[in-house]
Protein chains: 2
Amino acid sequence: MTKLDCRTRLLEVGTQLFAERGLYGVSIRELSQAAGVSISMVSYYFGGKEALYAAVLQEQFSCFDQIDNLRKPGSEPLSVLEAYLRWTLQRHRNNPHLLRFYTSELTNPTCFFASIVSPAISKIIRVLTEVIEEGIRQGLFREEIHAVNASLALAGMVNYFFISLLATENLISHSPEQDELLVQQYLLIFTHGIIKQSQ
Amino acid sequence: MTKLDCRTRLLEVGTQLFAERGLYGVSIRELSQAAGVSISMVSYYFGGKEALYAAVLQEQFSCFDQIDNLRKPGSEPLSVLEAYLRWTLQRHRNNPHLLRFYTSELTNPTCFFASIVSPAISKIIRVLTEVIEEGIRQGLFREEIHAVNASLALAGMVNYFFISLLATENLISHSPEQDELLVQQYLLIFTHGIIKQSQ
DNA sequence: GTCTATATTGCGATAGAC
DNA sequence: GTCTATCGCAATATAGAC
């Protein structure tokens, strides 16, 4: 087994197990056993269990940098919001473990929350807020809307679909084939509401 | 220290610490020390750490039974949804730890998820879904709306406000004084959307 | 009913062989 | 670079004194 394999296998298995049970729910014994390598490899490559967890977390949240791609100069607020929904669904599909870390860190933060997780999340909300403020300024969106509230509402709708998965998989299909329908539903609710317009 | 005090103190401290760090993030040593009782009291009163956790969880989720009070016979769908929002905010205010368990169990489920947490959550979603379906039947809500999607969206909006708290407390006030404003904002977004109606 | 003391297990980390 | 063996410690649980 080459150096790269060993390190990579630990990262992969660490991602899987930490996502399922959190930093304190997994021992490095179990971890190294699942990876098929010696227990000492965790210290050798990462410097300990917490450091391996930090490496996993860092990798998981690296995709959040892409948020800046959503806001191309001159793009309409509404299409940026739609792009955010599609990008978020895709993010969770590409990486089924991401939301576990995201939510686990928000709920039971480790010492890496402040440096890795919090900046990523608050950046997303800040970008969404700016987009919605721009929409209000352009007269597209209601003035009564508080932009931060609306951003949290939009992020909440789409993320909660995945957060609640374990308790709702008997109520609704979570298959990726439904994703385009989901985007349309959330966009419809968020922009027009559920009330039928009688004009 | 009487029997009641000792048991109660362990429950209180357990609620606090398990909420902050999860089942595996807390030891019974630390727990009993924080409660000011002997370490053996955990086994004596509850039968072990996991059993104490289960007792805490059971107590936390008992308030979910009140969901049935929201749906009085003949009440309008829209006012039930408003009552749900208000009730949910109040639930989180009355018990700042509830959402920690809620989210922690959804993300890193323990062996008690299936018996205590999942039924509570899926019942809420089921009730909301029925209310929205009734609204569609009455012609109040759009036919294009998928009732389960909309229920998850509404629950997601209001719960995510608290879930994301640690990453967003510098972006928005989380003071209880804002709660009535929040109810109005979420209701406005959910029922009418953010787009300005030009009729 | 509550304590101290202890048995036992499993943890994270590392020394040293290969 | 990877392993085995082991150290030292903290975990849960419990026996037995009061």
Side-chain angles (χ1 to χ4, degrees), chain A residues 1-59 101 104-105 108-113 115-116, chain B residues 1-59 101 104-105 108-113 115-116:
Chain A
M1 188 164 296
T2 79
K3 166 174 175 166
L4 202 118
D5 272 337
C6 205
R7 221 193 104 98
T8 306
R9 288 179 64 82
L10 280 173
L11 265 179
E12 282 172 0
V13 170
T15 303
Q16 168 92 26
L17 293 182
F18 285 140
E20 282 169 8
R21 271 171 283 149
L23 173 54
Y24 302 112
V26 190
S27 71
I28 56 169
R29 286 185 126 79
E30 179 184 8
L31 221 138
S32 53
Q33 203 166 348
V37 304
S38 159
I39 186 175
S40 53
M41 291 298 94
V42 176
S43 281
Y44 184 77
Y45 281 110
F46 299 94
K49 186 172 83 156
E50 299 220 331
L52 168 57
Y53 179 81
V56 168
L57 213 58
Q58 193 72 256
E59 192 186 66
F101 291 102
S104 168
E105 282 287 335
N108 304 126
T110 68
C111 54
F112 308 110
F113 175 78
S115 56
I116 303 180
Chain B
M1 185 165 298
T2 79
K3 166 173 176 166
L4 202 118
D5 272 337
C6 205
R7 221 193 103 98
T8 306
R9 288 180 65 82
L10 280 173
L11 265 179
E12 283 172 1
V13 170
T15 303
Q16 168 91 26
L17 294 183
F18 285 140
E20 282 169 8
R21 270 171 284 149
L23 173 54
Y24 302 112
V26 190
S27 71
I28 56 169
R29 285 181 126 78
E30 180 184 8
L31 222 138
S32 53
Q33 204 165 348
V37 304
S38 159
I39 187 174
S40 53
M41 291 298 94
V42 176
S43 280
Y44 183 76
Y45 282 110
F46 299 95
K49 187 173 82 156
E50 299 219 332
L52 168 56
Y53 179 82
V56 168
L57 213 57
Q58 193 72 257
E59 191 186 68
F101 291 101
S104 168
E105 283 287 335
N108 304 127
T110 68
C111 54
F112 309 111
F113 175 78
S115 56
I116 302 179

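First the proteins, then the strands, lettered A, B, ... as listed; each starts at 1. Both backbone and side-chain heavy atoms feed into the values below; hydrogens, waters and symmetry mates do not. Given the structure is predicted, the values throughout are model-derived calculations rather than measurements.
What separates NZ of K49(A) from P of dA10(D) is a distance of 15 Å, to the nearest Å. If you measure from atom CZ of R9(A) to atom C1' of dC3(D), you get 16 Å, rounded to the nearest angstrom. One atom, CD of Q33(B), and another, C1' of dA11(D), lie 14 Å apart when rounded to the nearest Å. Taking atom CZ of R29(B) as the reference point, atom C1' of dA5(C) lies 11 Å away to the nearest angstrom. Taking atom CZ of F46(B) as the reference point, atom P of dT2(C) lies 12 Å away to the nearest angstrom. Rounded to an integer number of Å, the gap from CD1 of I28(B) to C1' of dA10(D) is 11 Å. The CG-C1' distance, from L52(A) to dG12(C), rounds to 13 Å in whole Å. The separation between L31(A) atom CG and dC11(C) atom P is 11 Å, rounded to whole Å.
The residue among S40(A) and I39(B) whose nearest nucleotide of DNA chain D lies closer to the 5′ end is S40(A). Both M41(A) and M41(B) lie close to DNA chain C; mapped to their nearest nucleotides by heavy-atom distance, the more 5′-ward contact belongs to M41(B).
Between the side chains of Q16(A) and E20(A), at least one donor-acceptor pair of N or O atoms lies under 3.5 Å.
Remark: S27(B) is in phosphate contact with dA11(D), judged by side-chain N or O atoms under 4.0 Å from OP1 or OP2. Residue Y44(B) places no side-chain N or O under 4.0 Å from the OP1 or OP2 atom of dT2(C). In this model, the phosphate group of dT2(C) is approached by a side-chain N or O of Y45(B) to a distance below 4.0 Å at OP1 or OP2.
Annotation for Q33(B): atom CD does not count as buried by contact number, only 12 or fewer foreign heavy atoms lying within 6.0 Å.
The only member of Y24(A), Y53(A), F112(A) that meets ring pair (Phe, Tyr, Trp, His ring centres under 6.0 Å) when paired with F18(A) is Y53(A).
To the nearest 0.5 Å, atom CG of residue L57(A) and atom OG1 of residue T15(A) are 10.0 Å apart.
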